[in-house]
Structures are given as structure tokens and as C-alpha cells.
Amino acid sequence: MPTIQELEKKASQVRRDIVRMVHAVNSGHPGGSLGCTDFLVALYDEIMRHQPQPFSMDGKGEDVFFLSNGHISPVFYSVLSRSGYFPVNELNTFRKLNSRLQGHPTTHEGLPGVRMASGSLGQGLSVAIGAALAKRLNGDDKLVFTLHGDGELQEGQIWEAAMAAAAHKVDNLIATVDVNGQQIDGPTEKVMPLGDLSGKFAAFGWKVLEIGNGNNMQEVVSGLKNAISHTGKGQPVVILMKTKMGAGVDFMMGTHKWHGVAPNDEQLAQALNQLEETLGDY
Amino acid sequence: MENKYATTDKKDTRSGFGAGLLELGKRNPEVVALCADLTGSLKMDAFQKEFPDRFFQVGIAEANMIGMAAGLTIGGKIPFTGTFANFSTGRVYDQIRQSVAYSGKNVKICASHAGLTLGEDGATHQILEDIGLMKMLPHMVVINPCDYNQTKAATIAIAEYEGPVYLRFGRPSVPNFTPADQKFEIGKAVHLFEGKDVSIFATGHLVWKAIEAYYILKEKGIDAEIINIHTIKPLDSESVLRSVQKTGCAVSAEEHNRIGGLGDSIAQELTRHYPAPLEMVAVNDSFGESGTPDQLMTKYGLDTADIVNAAIKAVGRRNK
């Protein structure tokens, strides 16, 4: 098992990948990607029991993850490649013609590690429930993880799924919401307030947990381990994880302005100065 | 002349789906079913009773149902979703597009109460655009069987096919004339009558009406070829072209909007490979309304007489 320090080093490299990927094609979503870096590194390197190769679409006998907010594909691709799902060098094809690394994740080009297309928001929780029910039918005791944006919870399908997960007692599912309080048009509080998210999920029959600082590796790891201890108890588990959009790059932090904008050459250099190259750039 | 396909057996196609699903449940442990609060209407109750662990009631939440079905395929399940055609397609188009079609998931979207023959509930429930919506999705298979036996056979056949399928059927009882042992081959048209004057391509409930039209046309001296196109996509282009090369003109007949339906698909084949007159028996770019199924089929021009008239017109255009 990697130490917290090793996980933090990996996160630094993943953040370098993210800003370099979006800079290279002058498009993509760095803000949410940087905010969720610590979570995805912890999940793939420390928490999930999974087998990168050979990749199995069915995921029988392994923990599986669904990225519901598909626009943060840069962090997903970087973590997948650096976990051994595909060569790290392939990150330089991100968003280019004929690439397996499409703007939003897809199964269509056969990229190992991706089990469902996402991008149109609000669909991942339903899919995860289905995958979790299949595990139950198969007598498979492994878990299903998801990640959602907080803005994404404005989609009605999320709440259809929330109702169904509790009704069918889907207790092998851990959904995490990236509560960064930002969406494209501005702060969620201004665009469409989400209200008492904890109360809402609790009322829908979920076990609600929190990670106070989703950009602190120790907190993320403990929070996920705590969530696992609440599985198998007859109800689905949700983690409300507070993060800072753009975490790790000072001028991108805490603002919706870097949701879907790439840094220019100068900004890239400035960002890379703040992020240690720990595992070698792609 | 006596109708070669005459039968006193009348059944609804949705019951064919229910019977097929039950049989699949017994044959294949990977088959699971999901329903959005219409278990009785979809005739899924027998499956639910027999296999409660493999049946998922999702309530009135169709978008979630489609997503759950997509997820169930990860783990090797073969999910069949059931609700009305309107809620199976238009309501959940983006979920089908992203989570099922683009993701290449082995989901069977099974839709009852399609078209006008839903009857009194009216236009909110009578979708006439579903074939078009579904056939535009890359790699989606679209099937519209004509009677109970064919719907049952189609239900069983699509479980063997790996990939997304839209299976469309209906509410009313219609003559059940397909032999119970007839194998259902996806994408293979069924030839009901050989003829030399006009090719009539019918799908779903209009197949029986095309058979009736055959005898009326015969009395008028027109020898029609009747072909049941149960699979709209992939279209059996070979059967379509071979028939029209022989007859020189065609009629399409369907319980669907003229725009986006079977007629459109046939027109595309003909214009690309063998231009010939084509008359379309279909709803003319309109919504439906309340009424009995028979009244609606007459008012919207989907009756036996409409097929007869279309055939006469097609022959006339060819002869000009």
C-alpha cells in the first residue's frame, strides 16, 4: 500500500498531466479535474481492488468506478494511464483526431478503464445502480464507486436514481459528490442553489458521509475507508466531498472561470512551477 | 377467394412479448427485466412472479430505468426494459443515446402501446415518431413485429443478438397468423405473397391489413407481392430491391409518421439503387387523437382500403 506521501506525489504528477493535456489542445476542463485529483488518485491507488490488465468490461470480481461528470476526463485519463490501464504516452492524443481519449470518456473507441460513456450529465448514478445490482445477482462482493459534480445534481435523473438505490437497498454502492460550489455560469448558489444536500440524500434513504477537505490526501483516504465500512448495511452510501475547483494551481483555485478554459503558454509555465514533476511527464 | 392466412386466433402483440420474456427467463439466467410501473400493461407480470430477483420495478422514472439497464449489462446481464413506446423513446432519448447506443450496451428496449391503436388515451400516449427516433441512432436495431407469435419469437431472438435493440409492439388484439414455430431472423423480411404488379412492404399491425388488401387487389386484377418488414433496421435491402425490380412500383404501410418511418427507409433504398414509384401509407405529419383503434386507423388513412388505393396509384404511376 502506498503511503500518503507517495499518493501526494502521484497527485502532483497527475496535476501536471492535466494542465499539459488541456494546454496542448487549448480545450478541456482543468478546474474540476484539479479539484478531484486527490480523490481519484486515492481511489485507484489505495482504495479500489481492481485489475488494469487485461481490462474486463464486465468488471466481475473487481471494484468498478463510473465517472458521471465526464467533462473532468483529463484527471480520469491521467489516473487510468498512471494506474496501468494504457500507456502514459497516449495522454498526448487527448482530444485529437483518431484518439481513444475523446473529449468526454467513451467506450466507443475501446479505451481500457472506461465502462460507460459520460458527458451528458446525470446518467452515471443510474448506471452504477445497474452495475451494483448485477454484482448482487452474480454473488460478487466487490463495490461500485461513482463521482458526480455538485452542479450535476440539478439533473432530475439523479434523484430518480437516488430514490431507486434506496428502494432496492443497493448497499454495495458509494457515490461521491464533488462539492466545489461552482458550475459553468458561476457559483451553484447563484445559478441554482442545491440547498441542504446532506438532508436531501438522507431523506432519500442514503447514508450520508462527508469529507471536509477533498484536497487533503489523508482526509480523502480516511473518508473513503470510512465509507466502505458503511457498505453492506441495507442502504446506499454518499460522500459529500468539499473540494476547491482548480486545487493545486493558485490562479485557478476556487473560481468557475477555469471550468472549461485552457491555460496559455505563460499560464502553463506558471502552473507547472507549482507542481513537482514526481513520476516523469508523458 | 379464401384468405390463406385466415385465423380465428386474435391476440395482442404485447402478450407475445410477455410470453417470450417468460420463456427467456426459463432459458437464460442472465436475462433480467425492468419496468416503469406498467407491469400489467406490458404483460411482464408472469416474469415478475416467476423470477422476482431478476425483475426490477423502477417506478415512474424511465430515464433511471434506461441507465440501470445499461449498468446491468456490466456484469453480463441481458436487460429488457418495458414501458409504453412514448416513454421508451422520446422521453429517454438522451439516456438511450449516451448510456445505451454510444456505449454499445446490450439493452433490449421493449415498447408497447405504439402508434394510434393505443386508442382512447389520445395523442400524449400515441407516439408516431419512435421508429424514426430509434433508427437514427447508430447501430440500433429496430423491430416491429406483426402479431403475437412473431412478437414472441422476436423477443426470444433479440436475447441472442449482442447489442442494443428497440422492439415495438402494441395494445389491441389482432389476427395471430404467423406460424408458432416460425424462426425469427433479425433483418430478414418475410414473404407472404408472391406477385408481379406491385410490392407492398408492411410492418407491425399493417401487415394484416396488407394481407386483406392483397385479396381486394386480386379481384381488381392487380397481383400484389406482400412482404412483412418486421425489422426496419437493418433493412432487408436485398428483398426490397429484388421485389421492386420485378414489380416496378411499391407501397409502404406502417402505423407511424410518414417522416422517419419504414417508408422513408424504403425510399432511401429505392432512390439510391432502383428509382421507382413509391406510395406511403402512414400518418401524414400529424399527432393522433382519442378514439377507438379502428376509428383512428380509418381517420388517419391506415386502413386496408388505403393500402388498396395506394397500390392502384403506384401501379398507375409506373404505367405512365
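Quick caveat: nothing in here was measured; it's all calculated off a predicted structure. Below, chains carry the letters A, B, ... as their sequence lines are ordered, and counting in each starts from 1.
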Quick check on [X] against chain B: is it the side chain, the backbone, both or neither that has a heavy atom closer than 4.5 Å?
X: A/Ala128; answer: neither
X: A/Lys135; answer: neither
X: A/Ser126; answer: both

Can you find a pair of side-chain heavy atoms, one from [X] and one from [Y], that are under 4.5 Å apart?
X: B/Met68; Y: A/Glu160; result: no
X: B/Lys105; Y: A/Met116; result: yes
X: A/Gln123; Y: B/Asp94; result: yes
X: A/Leu137; Y: B/Glu30; result: no
X: B/Asn64; Y: A/Trp159; result: no

Mark yes when over 12 heavy atoms from residues, nucleotides or ligands other than [X] sit less than 6.0 Å from its [atom1]; otherwise mark no.
X: B/His273; atom1: NE2; value: yes
X: B/Glu120; atom1: CD; value: yes
X: B/Arg91; atom1: CZ; value: no
X: A/Lys169; atom1: NZ; value: no
X: A/Ile228; atom1: CD1; value: yes
X: B/Tyr161; atom1: OH; value: yes
X: A/Arg95; atom1: CZ; value: yes

Go through the atoms of B/Ala63 and report whether side chain, backbone, both or neither lie under 4.5 Å from a heavy atom of chain A.
->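 For B/Ala63, heavy atoms of backbone and side chain both lie under 4.5 Å from chain A.
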Could you go step by step and tell me if B/Ser103 and A/His108 meet the side-chain contact (heavy atoms from CB on, under 4.5 Å) rule?
-> CA-CA 6 Å; B/Ser103 292; A/His108 199 255; over 6 Å; no
Among [options], who wins on heavy-atom pairs under 4.5 Å with chain A?
options: B/Gln57, B/Arg97, B/Glu62, B/Arg54; value: B/Gln57
options: B/Gly104, B/Gly71, B/Pro79, B/Pro29; value: B/Gly71
options: B/Ala69, B/Ala70, B/Gly59, B/Ser99; value: B/Ser99

Taking the side chain from A/His168 and the backbone from B/Val58, do they hold a donor-acceptor pair closer than 3.5 Å?
-> no
Smallest heavy-atom separation, A/Val127 atom then B/Ile74 atom, equals CG1-CD1, 4.5 Å
If you take all heavy atoms of B/Lys77 and A/Ala134, which pair is closest and at what distance?
->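 That would be CG-CB, 4.0 Å.
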Chain B contacts, top residue of [options] (heavy-atom pairs, under 4.5 Å):
options: A/Ile158, A/Thr107, A/Leu125; result: A/Thr107
options: A/Gly156, A/Ala161, A/Ala164; result: A/Ala161
options: A/Ile129, A/Leu133, A/Val114; result: A/Leu133

State the OH-OG distance between B/Tyr102 and A/Ser118, to the nearest 0.5 angstrom.
-> 10.0 Å
